[in-house]
Protein chains: 2
Amino acid sequence: MARMAAKDRREELIAAAFRVMVRDGVTKATTRAIVNEAKMPLGVFHYCFSSREELLQEVLTRFTFRSAEAARRALQEDGDLGVRVSKSLGAFWEGVELGPGEHQVTYELTHYALRQAGFEELARRQYQGYLEVHQGLLREAAEIDGIRWTVPVPVLARYLNAVLDGLILCWLVDRNSEDSREVLRLAGEHLLTFAEKKE
Amino acid sequence: MARMAAKDRREELIAAAFRVMVRDGVTKATTRAIVNEAKMPLGVFHYCFSSREELLQEVLTRFTFRSAEAARRALQEDGDLGVRVSKSLGAFWEGVELGPGEHQVTYELTHYALRQAGFEELARRQYQGYLEVHQGLLREAAEIDGIRWTVPVPVLARYLNAVLDGLILCWLVDRNSEDSREVLRLAGEHLLTFAEKKE
DNA sequence: CAGCGACTTGGACGGACGACCAACATACGC
DNA sequence: GCGTATGTTGGTCGTCCGTCCAAGTCGCTG
């Protein structure tokens, strides 16, 4: 095998692990499956990571926030708050339907972390991160439009997170895109009712 | 061991498996852990079940609908639609906070089923069941109050399911009861805006 | 070129798991 | 009471897993 710095090999293994997880699920991402995906001999693994859990930790912290970007971009385009929220949700949903596996993995990782002694904190940080992203988007949107939210932003962020999270989960199972998009529309409209013009 | 019909032993094993899952997670519910919980010798397992998956299938189909009952009862009490919806959601949430493990297990089982070849259909039935329960409750509530929903009931059911599912998941991770209940209140009020007096 | 630190590799380990079985024990119909 | 169906048991098989290691290879520095 070509010689490579341990640091670089780590990155490739992390990426390979994520691919395996998306394709076969978190539980199937064994050390052997991962090095096989990365086309490396097994011995490499514990030269780069002290344990399998150390790698899972890396995956968990790296791949949980990729989906927010499209939503953020759409939110910063032109138009009034209504169409921007709508487009933002639509863009986010587009990402979900295009790459469902990534989202499925994040759920699996959450539940894995909740059960793994010493990993609960990681799950907590994961969702804390989600909520902060939503809060950030809500505050941004409010500032651009010069409105204020009539409900505390943390509550609104949790509401948004819940709807999206629950909707994705349901769609992952039954793939009913039509009704899902309708729910998305409902939630978006609901959100707008909490926007109030600043005096 | 006392002699017992295989049928009865199956039931005890299913119950034991569920207890193990609630306590330690689905992945930890190995054949050995289950028979140990049921205080039976290992050999019993494959006398009663042809495979571990057969047992998981039983667990999945049995323990997914226990939480809806409290909500249904509260919905059928006295009062106008507003307070009944509010109380129903409150009763449901009470159940969540009292027994979070059961809900955690249902998520784990869903993701397990989604990854297990030939089990996807089970996950689909699980969520189909959830949606039907919600639809039933919505229709009941509408009939009692003589209103109609201004949004198709399947969409409303999916919305309700998403909010609750997502909210539970978030709470399982960060245990923020205060904000969660606030979101629940928001969703309940939102629901009421879709109720329209029949002419 | 010698030496040393960084990297590579195949194989081996102990443990856990699902599944299986042969031998035995009990109940029940005839 | 005998035979068959049904239930019980402890042990074992093969597999897969995370982890570890010893021996080997490479490339740089002095």
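Chain letters run A, B, ... following the sequence lines, proteins first, then strands; residues in each count from 1.
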N/O donor to acceptor pairs below 3.5 angstrom from side-chain atoms of residues 162-173 of chain A, sequence neighbours left out:
residue	atom	partner	partner atom	Å
A:Asp165	OD1	A:Tyr107	OH	3.1
A:Asp165	OD2	A:Tyr127	OH	2.7
A:Trp171	NE1	A:Ser177	OG	3.0

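Rounded to a whole Å, the CZ atom of B:Arg52 is 15 Å from the C1' atom of D:dT15. Atom CD in A:Glu53 sits roughly 14 Å away from atom C1' in D:dC17 (whole-Å rounding).
Salt bridge B:Glu120/B:Arg115: absent, no basic N to carboxylate O contact under 4.0 Å. Using a 4.0 Å cut-off between charged nitrogen and carboxylate oxygen, A:Glu97 and A:Arg181 count as a salt-bridge pair. A:Arg32 and A:Glu37 are not joined by a salt bridge, as no carboxylate oxygen comes within less than 4.0 angstrom of a charged side-chain nitrogen.
Applying the ring-ring contact (aromatic ring centres under 6.0 Å, His included) rule to B:Tyr112 yields no partners; only residues at least two apart in sequence or on another chain are considered. Here B:Glu12 pairs with nothing under the side-chain hydrogen bond (donor to acceptor under 3.5 Å, both in side chains) rule; sequence neighbours left out. Not a single ring-ring contact (aromatic ring centres under 6.0 Å, His included) links A:Phe119 to another residue, sequence neighbours left out. For B:Tyr47, the ring-ring contact (aromatic ring centres under 6.0 Å, His included) criterion is met by no residue, not counting sequence neighbours. By the ring-ring contact (aromatic ring centres under 6.0 Å, His included) test, B:Phe49 is found to be paired with B:Phe45, residues two or more places apart in sequence or in another chain being considered. Partners of A:Glu182 according to the side-chain hydrogen bond (donor to acceptor under 3.5 Å, both in side chains) rule, which considers only residues two or more places apart in sequence or in another chain, are A:Arg185.
Side-chain nitrogen and oxygen atoms of A:His46 include none within less than 4.0 Å of the OP1 or OP2 phosphate oxygen of D:dC20.
With a 4.5 Å cut-off on side-chain heavy atoms, A:Leu131 and B:Asp174 count as touching.
Legend: side chain to side chain donor-acceptor pair (under 3.5 Å) pairs involving residues 80-92 of chain B, not counting sequence neighbours, sorted by first then second residue: B:Arg84-B:Asp145.
For the segment residues 11-25 of chain A, no residue has any heavy atom less than 4.0 angstrom from an atom of DNA chain C. At a non-hydrogen distance threshold of 4.0 Å, nothing from residues 110-121 of chain A comes into contact with DNA chain D.
In the model, A:Tyr159 has a side-chain atom that pairs as donor or acceptor with a side-chain atom of A:His190 under 3.5 Å.
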- Task: Take nucleotides 7-12 of chain D nucleotide by nucleotide from the 5' end and write B, S or -, depending on whether a protein heavy atom sits under 4.0 Å from the base, only from the sugar-phosphate, or from neither.
- Result: BBBB--
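Bracketed by its first and final contacts, the part of DNA chain C lying under 4.0 Å from non-hydrogen atoms of chain A reaches from C:dG5 to C:dA12 in 5' to 3' order.
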